[in-house]
Every structure is written in structure tokens, then in C-alpha cells.
Amino acid sequence: MYNIPEIISDATADALKELYDANIAMDKISVQETRKEFEGDYTIVVFPFLKTSKKNVGDTAQEIGEFLTKTYPAIKQYSIVKGFLNLHFDDRFLVDQFKVISFQKDYGKQAQKNEKVVLEYCGPNTNKALHFGHVRNMMVGYATANILQAVGYKVHKVNILNDRGIAICKSMLTWQKFANGTTPESEGIKGDLFVSNYYVKFAEVHKQQTEALLTKGLNPKDAQAKAPIQQEARAMLRKWEAGDKATLALWEKMNNWVYAGFEETYKRLGVDFEKNYYESKTYELGKAIVAKGLKSGLFYKKEDGSVWVDLTEDGLDEKILLRSDGTSVYLTQDLGTAQERYKDFKMDQSIYVVADEQNYHFKVLQLILQKLKKPYADGIFHLAYGMVELPGGAKMKSREGTKVDADDLLDEMVEKAKIETNKLGKIEDFTETEKATLFHQIGLGAMKYFILKVHPKKRMVFDPEQSIDLVGDTGPFIQYAYVRTQALMRARKGKTIEIEQIQLEESEKNLIKLLDIYPAKIEAAAKNFDPSEVANFAYDLAKSFNKFYADLPILKGTDDKTKNFRLQLSQQVGAILLSAMTLLGIQLPQRM
RNA sequence: GGCCUAGUAGCUCAACUGGAUAGAGCAGCUGCCUUCUAAGCAGCAGGUUUCAGGUUCGAGUCCUGACUGGGUCACCA
């Protein structure tokens, strides 16, 4: 099905062919909604056609206008302002277009394609709790997966757990030293937070010891490396790599605490993964790939035994792939993980949702895989999102305690939703469970929308002092518009409705025009990997609906024909709001 | 320093990928609830789109150069 701007583009192409015998590229034809300070519904920009018409702007516009009004009865009249041809549509055409939309099942979604996508998101380290940056990652990843699914891709959502290395050893070490055998259960603390606390504890002790060494005259770098606790952590890492049983057992125990904690947060956020990958399991495979590349001469070994790849011809640097002691690095692990994934899914595309500070890493990763002639190399796409900053440009760092903990933020948002909702006093008849569900929906809706309305690649600022609004351009605003549509549906009592032709008001036309382009919006969002296009569309639609709702009577003071049409329009708006917000992973309540 | 990236109202974000007089929300000020939910609606005020050139019918958008911020260039992940 074509939307109205597409229909107009086609018609314009016909006009150009008929009038000037010219085939013009479709992307030269620009059709937009007429700006509200001018008369008309849609506007064609005629400047690009002047070369083919060989006439001045006014004449060209007039000829096209004449042709269109004569050929298409739906176009009632036209007007020309400068180089812009404004078309006025017959209401009947818009009503018919709306009818078509109403009858569509799964409006906005496309048929299944035969293309598989693996989308990796979240990617936490197992030594610290999830923070706001992870939340952005998860929101962008989850929404993008839904959007790709909506346009027909088969999407596999996967997670990568960075479960090995020196960092987790730090938490393990301080737990051994200071925890006296306590556990998340015994302390009643979420597992990831529990382990995270010992990571912070390590940083504290390390700082003290470093400072002590500094007073003895060591330089800062040496002091950090020679601090006893740092040495112990390194020793522990060596034991882990050597497969020491006790170390592995401790590692497993603490990681499991963390995973249990993560699971809780995933569940609250409503995200899920089809499969988990663990670096501890893929790094060996990565090493094997490196060994093969070494044999084929693609990589080379330095005197100290470390393995490198030279990417200077491609404008990049030399990159290390294996340390001199034979242990693997970040890149090695990602090579292994990619291979493992291809074995599992035979995907056409791999999307990595990872912060933009990793841009260089992914360039290198893809280039190496291309040089290795891996079939999945070209399908790699790094969906880079900007870092979340605190006001004043401060960065969030776990170690320095300047991060916003994901769970704290969720609690805070739900609490805020509760306070504001109770203030309004509209849900006194709800049960406690219903109330709890609603507060969760509103609090999370606000947070998710706050993140998703911003273009992923842009840095965003979050001020923990100010919290997230519930009024204006927010999640609850859209939820509220939906709730209004649902109240109307309850009043309608499920009666089926026949749509008849009526005279359209301005705010009704606006809604039809918005509904008309919803599928195109999803398609653009999928093409650009940009959920914010869906978020902003939902806001526009909600805003237009609120205006419609305020301007026009629906149930009372209308004749049957008008009432039926407005009810049907409201139902369709509700359905599309629900569809769009579901793509974003935001729930909509029936009442609020 | 090299490369990458961004700079739009006091603040947080838009701008259909080059189209008309740059739009929303928050914060500030006015109005609107005895008729469908005021988490709403209408209005006022707020801009030399960092700056300087260029490309063209037309530039917030493309090019060049500055300025400012961020990222990256680890035998960390």
C-alpha cells in the first residue's frame, strides 16, 4: 500500500512524463505536508524540474498543477507560492485512505524477509552493577531489534558477558579478604551490587597503598603497579588462566551472583536475550583464529612472542592480537565470538550495540575479519550510541562513584510515578496490584521514552538531581493520550462501525495524514537503526490526538455519522500508539 | 599531535536526509475543568543554528578553514 506522499510522487512523475516527456528520478521529487501557514494539504517542490521543463518556476508549477487537478479527481485545486505547488485534496479521498488503513491488519509491519540479523546488546562486565549507560544500550538495542523485526528481518538478540580478566579478579580478591564469607543472600543485597561493592572496595585499598608508595618516592605508574593488592590481583588472574580449581570455583560463584542480579534488572526493564555468549568461552576460539592467521602470514610475531596485525596500509595502526605471554586481548575474544555466532545463526547481518568510544575497535574488528575472508565480515554494523553524561560534561564512572545505578534510577522513577499519580487521585478504585503495575508502567515509560527520543548517536545529558519529567514531551504524555482513546472505546462498547463520508475538520485531517505515514516511519527507523524516529512520531501523533480531543466533541453533541467516524479515528490512533510504543518496549496502561 | 565526532532558545531535544517565516517540551508569564480523564488545550516571551568563507534558485543540513567540547590512537576490557 502506498502512502499519500508516494501517490503524489508517482502522479508527479506521470505529469512530468506527459508534459515534458522526461523521466525524472523519484528521489528528485520532494513531497511534503503543506506547512500550516499556507493553504493546502501536500506540497510539491517544483525547483528541481526546471531543467527538464525549460520554463520558469511559475509556469512549470501551473502546468503540473493543471495536469494533476485534471487527471486526479482527488486533487480539488492547487495554489502556487513561489516555487511550491500546494495541492488541496478532497475530503473523500482522505476518508477513503483512512478506511484502507483501518482495515489493515498489523498496519505498519511488513512481511517476513529471508534475512537473519544477530543483534548484540547490553554487554556488561561481571564485576559491576548496571548503570545508566547500560540502560541506554539496552533500550536502543531492544527497540532496534523490534523495529527490524517489524520490517521483516528475523532478529536474534544476544548478549555478551565480559566475565573474565583482571577486573573480576579484583572483586574476587577483596571479597576473599574482607567479606568474611557473607553472600548476597546473607546480606539481602542484589548480587551484582554486592560484587560491585567489592570492586569499589578494591579501588579504595589500591588508592591507599598507591599513595603510601608515592610518599616513598616511587613514580605514579610504578606505585600503582607495585601496590601489594594489585600484585595479588595479577597473581589471581594468572591462577585463573592456569585453571586453578579454587580460583575457578570462586569465580563461578561470584559470577552467578552477578547474573542473578542482572536477570532481575533485565526483567524489570523488559529486555531479553535469545542467547548469552561468554568471553571466558570464546577467547580460546579467538586464539585459534589468530593461530591460523599467523600461519597464513596475515599476522606476524614479534621477538617477544606477541602477535600483531599490520593495518597501516588501510590507514589504521598495528594492532596486538596476543600478548607476549600468549594470553588473549579484547580483540581476540571478539574474533572468537563472531565466529561462534556465525556457527549458531548463519546471519546475514551482525549488529553490535556498543558505545561510540569503541568506534575504532569495531573498524579494526571488521577489517581483520574481512582480511580473513569471513563470510560474515561485510555484514557487521556497529550501532554506536553516544555516552550519557552528567551536567557539566562529567562522565559516569563506576570506580569513581559518579554513575547512576540502573536499579536506583528505576526505583526513583516508579516512586515518582506513584507520587504524581496519587496526587491526581484518578485511580482510587484500583487494587494494590493494579496500582503497582501502573506505577511501574508510568515510571519506566518515562525513563525509556526519555532515552529513546534522542537520536542514538548523539551524546545525551542526564541530570540525576532533576529526575525525569512526567509532563510535556514525555512517555506519560503518550500513555495519557492512549488512555483517552481507551476510555472512548469503553464508551463505544465494542460496536462495529460503518465509516461514512463526512466533512473533515483540520485536526481530523492531521491525524489521518500522520496515520498514513506510520509504515514509512518504521521503515526509515529500521533503515537508519534509529528508534528515535518512532518515538518522535508517537509524540506527534499523541499531540495531534490531544488537540483533536480538545477541539472536537466525540460522544456528545455529534450526529451518528460524525460520532462513528471520530470513534473509529480514535480507535486507530490508539492502535498505532500501542504499536509504536510496543516497538520501543514501552507499555501503555488502560487507565491512569 | 593524527584520525573520528559533535556544536540549534536559559535547559533537554526536533527539523521528513538541500526546500517556504528553524519546531517541541521544561523553566517564566496569561487564559481554559457543573458536558467524552486538565499527566491536557490555547496563548505570550525566548534564535545572527559557534564563527568566517564557498557551492546554488535555495544551506541548520554539503565543501574549506578556524574556535570549543567529546572520543580514540594500551601487552585494559
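Throughout, a chain's letter reflects where its sequence line sits, starting with A, and its residues are numbered from 1.
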Taking the six-membered ring for Trp, are A/Phe529 and A/Phe381 closer than 6.0 Å centroid to centroid? yes

When we call it a touch if two heavy atoms are under 4.0 Å apart, what does A/Val454 touch: a base, just sugar-phosphate, or nothing? sugar-phosphate

Is A/Phe477 stacked on the base of B/G40, with ring centres under 5.5 Å apart and planes under 30° apart? no

Does anything in residues 531-543 of chain A come within less than 4.0 Å of RNA chain B? Heavy atoms only, and list the residues if so. A/Tyr539, A/Lys543

Nucleotide of B/C73, B/G70, B/U12 approaching A/Asp317 most closely (side-chain heavy atoms): B/C73

Contact class for A/Arg459 vs. all strands (heavy atom < 4.0 Å): base, sugar-phosphate, or nothing? base

Mutual orientation of the aromatic rings belonging to A/Phe132 and A/Phe462 [parallel < 30°, tilted 30-60°, perpendicular > 60°]: parallel

Calculate the interatomic distance between A/Glu357 atom CD and B/G70 atom P; express it in whole Å. 14 Å

Please tell me which of the listed nucleotides, B/A77, B/G40, B/U37, lies nearest to the side chain of A/Val471? B/G40

Could you tell me whether A/Lys509 and A/Asp41 make a salt bridge, using a distance below 4.0 angstrom between a side-chain N and a carboxylate O? yes

When the C1' atoms of B/U72 and B/C11 are considered, how many whole Å apart are they? 29 Å

For A/Gln333, run the side-chain contact (heavy atoms from CB on, under 4.5 Å) check against A/Arg164, A/Lys281, A/Glu284, A/Lys287 and tell me which one passes. A/Arg164

Using distance alone, with no hydrogens and no angle criterion, decide if A/Thr126 and A/Asn255 have a side-chain donor and acceptor under 3.5 Å apart. yes

NA contact type, A/Ile442, heavy-atom cut-off 4.0 Å: base, sugar-phosphate, or nothing? base

Counting the atoms with a prime plus P, OP1 and OP2 as sugar-phosphate, which does A/Pro553 contact under 4.0 Å by heavy atoms, base, sugar-phosphate, or nothing? base

Same-atom distance (C1') from B/U49 to B/C67, integer angstrom: 16 Å

Which part of the nucleic acid does A/Gln479 contact within heavy-atom distance under 4.0 Å: base, sugar-phosphate only, or nothing? nothing

Test the A/Lys319-A/Phe299 pair against the cation-pi criterion, namely NZ or CZ under 6.0 angstrom from the six-membered ring centroid and within 45° of the ring axis. no

Gap in Å between the two P atoms, one belonging to B/A42 and one to B/C33, rounded: 16 Å

Between A/Arg35 and B/G23, is there a contact of a side-chain N or O with OP1 or OP2 at under 4.0 Å? yes

Just to confirm, is there a sub-4.0 Å distance from OP1 or OP2 of B/A38 to any side-chain nitrogen or oxygen of A/Lys423? no

Can you check whether A/Arg484 has a side-chain N or O nearer than 4.0 Å to OP1 or OP2 of B/A38? yes

Which one, B/A20, B/A77, B/C76, comes nearest to the side chain of A/Thr43? B/A20

Separation of B/A77 atom C1' from A/Tyr199 atom OH, nearest Å, is 9 Å

Considering only the P atoms, how many Å lie between B/A6 and B/A15, rounded to the nearest integer? 13 Å

RNA chain B: 5'-proximal contact among A/Lys527 and A/Lys363 (nearest heavy atom): A/Lys363

Write down the distance separating the P atoms in B/A24 and B/G47, rounded off to the nearest Å. 16 Å

Side chain A/Asn528 and base B/U17 donor-acceptor under 3.5 Å: yes

Nearest-Å distance, CD1 (A/Ile427) to P (B/U37)? 16 Å

Of all the choices, B/C13, B/A24, B/G70, which nucleotide is nearest to the side chain of A/Glu389 once you look at every atom? B/G70

Side-chain contact check for A/Asn546: nearest option of B/G40, B/U12, B/G19 is B/G40

Any base atoms under 4.0 Å from A/Lys457, or only sugar-phosphate, or nothing? Heavy atoms, all strands. sugar-phosphate

Measuring to OP1 and OP2 of B/G7, would you say a side-chain N or O of A/Lys458 lies under 4.0 angstrom away? yes

Between A/Ser324 and A/Ser306, a side-chain donor and acceptor under 3.5 Å: no

Quick one: classify the glycosidic conformation of B/C33 as syn or anti, with syn meaning within 90° of 0. syn

Protein-nucleotide distance (A/Leu365, atom CG; B/A77, atom P), rounded to Å: 15 Å

Classify the glycosidic conformation of B/U5 as syn or anti, calling it syn when the angle lies within 90° of 0. anti

Taking the minimum atom-to-atom distance to the side chain of A/Lys556, which one of B/U37, B/C36, B/G19 wins? B/C36

So, A/Thr43 and A/Thr34: side-chain donor and acceptor under 3.5 Å apart, yes or no? yes

If stacking means aromatic ring centre less than 5.5 angstrom from the base's six-membered ring centre, planes under 30°, is A/Phe38 stacked on B/A20? yes

Measure from CZ on A/Arg136 to C1' on B/C13 and round the result to the nearest Å. 11 Å

Which is true for A/His455 with a 4.0 Å heavy-atom rule: it touches a base, it touches only sugar-phosphate, or it touches nothing? sugar-phosphate

How would you label the contact of A/Met460 with the nucleic acid (heavy atoms, under 4.0 Å): base, sugar-phosphate, or nothing? sugar-phosphate

What does A/Ser306 touch in the nucleic acid at a heavy-atom separation under 4.0 angstrom: a base, only the sugar-phosphate, or nothing? base

Aromatic ring of A/Phe47 stacked on base six-ring of B/C57, 5.5 Å, 30°: yes

Taking only Watson-Crick and G-U wobble pairs with both distances under 3.5 Å, what dot-bracket line describes RNA chain B, where [ ] shows pairs that cross earlier ones and | shows pairs with another strand? (((((((..((((.....[...)))).(((((.......))))).....(((((..]....))))))))))))....

Determine the Euclidean distance between corresponding P atoms of B/G46 and B/G7; express it in Å to zero decimal places. 25 Å

Are the aromatic ring centres of A/Phe202 and A/Tyr199 under 6.0 angstrom apart? no

Could you check whether A/Tyr78 and A/His88 have their ring centres less than 6.0 Å apart? no

Would you please classify the geometry between the A/Trp251 ring and the A/Trp240 ring as parallel, tilted or perpendicular, with 30° and 60° separating the classes? perpendicular

By nearest-nucleotide position on RNA chain B, the 5'-leaning member of A/Val461 and A/Glu37 is A/Val461

Checking side-chain polar atoms at under 3.5 Å, does A/Thr562 have a donor or acceptor matched by the opposite partner on A/Asp559? yes

What integer number of Å spans the P atoms of B/C51 and B/U68? 15 Å

Please work out if A/Tyr480 contacts a base, only the sugar-phosphate, or nothing of the nucleic acid, heavy-atom cut-off 4.0 Å. base

Tell me, with the steps shown, if A/Arg566 and A/Glu505 meet side-chain contact (heavy atoms from CB on, under 4.5 Å). CA-CA 11 Å; A/Arg566 290 180 183 164; A/Glu505 300 292 335; 3.8 Å; yes

Using atom P in both nucleotides, what's the gap between B/U8 and B/C62 to the nearest angstrom? 15 Å

Select base, sugar-phosphate, or nothing to describe what A/Glu33 touches, counting heavy atoms under 4.0 Å on all strands. nothing

Tell me what A/Tyr360 touches on the nucleic acid: a base, only sugar-phosphate, or nothing, going by heavy atoms under 4.0 Å. sugar-phosphate

Indicate, with a heavy-atom threshold strictly under 4.0 Å, whether A/Asp530 touches base, sugar-phosphate, or nothing. nothing

Do A/Tyr278 and A/Asn162 pair up side chain to side chain, a donor and an acceptor below 3.5 Å, judged on atom types alone? no

Name the nucleic acid region contacted by A/Val45, choosing base, sugar-phosphate or nothing; use a 4.0 angstrom heavy-atom cut-off, strictly under. base

